[in-house]
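Right, one structure below, let's go through it.
Per chain, numbering begins at 1; letters A, B, ... match sequence-line order. Please read these numbers as outputs of a predicted model, since none were measured by experiment.
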Amino acid sequence: MALQSFFRDSPPLVLEQQHFQALLDALRARGYRLIGPTVQDDAVVYDDVESVDDFPTGWMDTQSGGTYRLESGGGETLFGYTASPQSWKRYLHPPVLELWKALRTNGTYRVASADPPPRLAFIGVRPCELHAIAIQDKVFLHSEFVDPHYQARRDNVFIVAVNCGQAGGTCFCVSMNTGPKAAAGFDLALTEVVDGDLHYFLVEVGSERGADVMRDLPHRPAGEGEIEAADAILTNTAASMGRELDTNGLKELLYRSYESPRWDEVAARCLTCGNCTQVCPTCFCTTIEDVTDLTGSEATRVRKWDSCFTMDFSYIHGGSIRYSAKSRYRQWMTHKLATWVDQFGSFGCVGCGRCITWCPVGIDITEEAQAIRDGSGAAK
Amino acid sequence: MQRDHKPKLAVWKFASCDGCQLSILDCEDELLAVAGEVDIAYFPEATRAVARGPYDVSLVEGSITTEHDAERIHQIRKQSKFLVTIGACATSGGIQALRNFRDVDQLVKAVYATPGYIDTLDKSTPIADHVFVDFQLRGCPVNKYQLVEVLSAYLNGRKPNTPSYSVCVECKQRGTTCVMVAQGTPCMGPVTHAGCNALCPAYNRGCFGCFGPMETPNTAALSAWWQKLGMNAPDIVRAFRTFNAYADAFRKESEVYEHPHHQG
Ligand code: SF4
Ligand code: SF4
Ligand code: SF4
Ligand code: SF4
């Protein structure tokens with residue numbers, strides 16, 4: 001705690017763009033596998049990165065409901081894109097995870113344990129994503145049962161956050177109080193500044209591990225002007241959110257609106273495909289598959305992401321409880337914006353906009369919430 | 001595993017391309033294990049040896065297109081304790097069900113030099129329209145891992161893991177970037193049954209719908225979105241009329257766009 005506040009009080013530093021590679025090298029030297037933004041299949045995704053050349057220099061995206069387009073703007077910015085198709089959830093809470101395997105030999109069996117997860121360094125975690133990680137920490141680590149698989153991954157992660165120099169077309173972190181500037185939960189937080197010939201990162205140190213890495217890199221204390229330039233960028237980002245969500249009394253509004261006609265309206269458009277829950281950085285639901293081989297000498301228990309949009313999700317003896325699309329959409333949205341508050345003490349939404357962009361038919365959680373709000377006064 | 005006797009397995013063919021049977025032979029690594037665990041009692045594609053019924057498990061490929069086949073499937077059902085249909089033909093009528101939308105007599109006259117030799121039913125229908133089916137495995141062709149999974153599950157007395165949610169769930173689990181959102185490529189994934197591990201989107205194509213309708217397909221909403229992407233009515237009809245053209249949800253959606261004046 002003392003260390004943390006020391007770093008929070010320590011003045012910001014400047015890392016010149018030409019030393020960004022040194023940051024990657026310093027992390028690798030400490031045994032981390034680096035995961036960062038890189039261009040793949042017409043999108044900026046989070047995958048293995050080796051050098052600064054793997055970063056999406058000059059790439060920018062446009063996002064709206066059901067649409068994402070990537071374009072090269074030709075600039076020098078490394079972090080000029082906004083939310084990626086999927087979040088860091090893939091790495092902390094993998095979509096498919098073998099939990100354990102049992103092997104039968106001579107009438108007895110032994111359990112084989114999974115390999116220990118790799119030590120990962122995340123480079124480019126957005127402020128809303130830091131909040132999403134904190135929310136999943138609460139779900140997996142700070143509740144009655146600790147998830148050992150999540151913990152094994154989470155304990156080792158080194159986080160380089162990057163504040164948002166631009167807002168995406170479906171972003172609404174300002175409404176959710178989660179961005180566009182990182183406040184906590186990182187080892188290092190960068191703000192990228194490109195101004196004429198100047199290209200540098202304003203660096204905030206958030207942990208002893210972060211400070212240790214910075215000691216290896218050429219850096220200097222930030223000047224007044226450099227701090228102001230970074231602040232101005234973030235102020236501009238905050239003013240250009242693509243979406244907005246009125247959270248005033250939102251939980252109570254949704255609890256009052258179980259019978260809103262809007263659920264039927266959105267159900268007519270919803271494909272119940274589950275994309276929204278899969279891309280959401282806070283959704284945590286999983287299902288278990290037990291798999292045996294043909295000879296019955298090997299049994300494997302696999303955990304997979306699930307979604308409240310599937311029929312199996314609410315299957316109990318005799319059938320699924322949420323058989324209508326309406327009840328499934330209502331479950332998703334009410335969990336994100338109402339029941340989550342009672343369950344975990346915050347919204348289950350950080351305003352990243354992914355569920356809007358990656359919904360194949362562009363269903364927009366902010367628009368649906370507003371429609372329910374508008375309708376709740378008008379209808380009886 | 002200890003058993004009193006090896007279960008007897010039979011593989012039957014109806015109107016089909018043999019692709020699903022080939023998927024069985026394609027299970028190279030597992031084929032010896034399969035042969036070790038079951039007696040392959042009837043499988044003309046693979047062996048000439050024939051053992052008489054009854055059979056513990058029958059895998060049925062193909063759809064019913066003739067009077068003779070409509071009889072034969074009842075004989076097979078009588079001899080089979082557990083009957084599994086494999087592939088789009090057996091589960092929904094297959095690509096040959098395209099004729100269900102046309103006058104068969106006219107088609108026969110147009111295609112065959114001597115139409116008199118052709119003896120066929122008006123419609124190509126799935127096996128389940130004729131006899132009780134214990135388990136349906138989707139796909140055109142079936143996915144070999146799913147096929148092994150169904151056999152493993154049967155042999156070990158458990159439920160097979162063949163989820164009926166959308167292809168999108170597999171697509172996201174695999175980490176593929178959505179081709180419909182990122183490129184505007186029409187994709188059947190949201191209304192299609194999982195099972196292929198979202199193969200086509202991983203190779204930059206829209207899903208073709210090989211596994212037929214998913215559990216709760218909202219085909220109308222998908223078509224409406226495709227129109228925004230610039231697809232016209234004939235293209236929408238074609239998208240729904242492929243290997244699973246006669247599956248209820250796909251058939252109805254194609255009919256809406258075949259007669260555009262019905263559109264709302
Ligand atoms: S609900 Fe949507 S906007 Fe909110 S965190 Fe999840 S994906 Fe992002
Ligand atoms: S919204 Fe659905 S998938 Fe997401 S955490 Fe809640 S119940 Fe699970
Ligand atoms: S809201 Fe969109 S992404 Fe979510 S299940 Fe419905 S159609 Fe799919
Ligand atoms: S590419 Fe197709 S299958 Fe994959 S998520 Fe998009 S719509 Fe679904």
Please check if the side chain of A/T310 supplies one atom and the backbone of B/Y165 the other of a donor-acceptor pair under 3.5 Å. no

Heavy-atom cut-off 4.5 Å, strictly under: side chain, backbone, both or neither for B/E215 against chain A? side chain

A/N275 CG to B/C178 SG distance, which is reported to the nearest 0.5 Å: 6.0 Å

Does a sphere of radius 6.0 Å around CZ in B/R205 hold more than 12 heavy atoms from other residues, nucleotides or ligands, not counting ones at 6.0 Å or beyond? no

Contact check, side chains of A/Q40 and B/T177, non-hydrogen atoms, under 4.5 Å: no

Note: vs chain A, highest number of non-hydrogen pairs under 4.5 angstrom among B/P217, B/C171, B/C168, B/C187 is B/C168

Which atom names give the shortest non-hydrogen contact between A/P360 and B/W225, and what distance separates them? O-NE1, 3.0 Å

Checking B/Q173 side chain against A/W305 main chain: does a donor-acceptor pair fall under 3.5 Å? yes

Which atom pair, heavy atoms only, marks the closest approach of B/M214 to A/T272? CE-O, 3.5 Å

Chain A heavy atoms under 4.5 Å from B/P163: which part of the residue, side chain, backbone, both or neither? side chain

Flag for B/S152-A/T292: side-chain donor and acceptor within less than 3.5 Å: no

Mind ranking A/D61, A/V291, A/V45, A/D47 by heavy-atom pairs under 4.5 Å with chain B and telling me who comes out on top? A/V291

Please report the interatomic distance NZ(B/K159) to CD(A/E289), rounded to the nearest 0.5 Å. 8.5 Å

At a heavy-atom separation under 4.5 Å, does A/V302 approach chain B through its side chain, its backbone, both, or neither? neither

Sidechain-backbone polar pair: A/R69 side chain, B/V181 backbone, donor-acceptor under 3.5 Å: yes

Under 4.5 Å to a heavy atom of chain A? For B/V179 that would be neither

In terms of heavy-atom pairs under 4.5 Å with chain A, which of B/M180, B/K228, B/R158, B/E149 leads? B/R158

B/N156 side chain vs A/D293 backbone, donor-acceptor pair below 3.5 Å: yes

Would you mind checking which part of A/F313 comes under 4.5 Å of any heavy atom in chain B, side chain (CB onward), backbone (N, CA, C, O), both or neither? neither

So, the side chain of B/N161 versus the backbone of A/D290: is there a donor-acceptor pair under 3.5 Å, distance only? yes

To check you understand the geometry: which heavy-atom pair defines the closest contact between B/E37 and A/L294, and what is its length? CG-O, 3.7 Å

Minimum-distance pair of heavy atoms, taken over all atoms of A/L271 and B/A221: CD2-CB, 3.8 Å

Counting heavy-atom pairs under 4.5 Å to chain B, which of A/C270, A/S84, A/A325, A/A299 comes out on top? A/C270

Top residue by heavy-atom pair count (under 4.5 Å) with chain A, among B/G36, B/S166, B/A153, B/A33? B/S166

Tell me whether A/Q86 contacts the main-chain N or O of B/K172 through its side chain, where contact means a donor paired with an acceptor under 3.5 Å. yes

Which residue out of B/P160, B/A224, B/P190 racks up the most heavy-atom pairs below 4.5 Å with chain A? B/P190

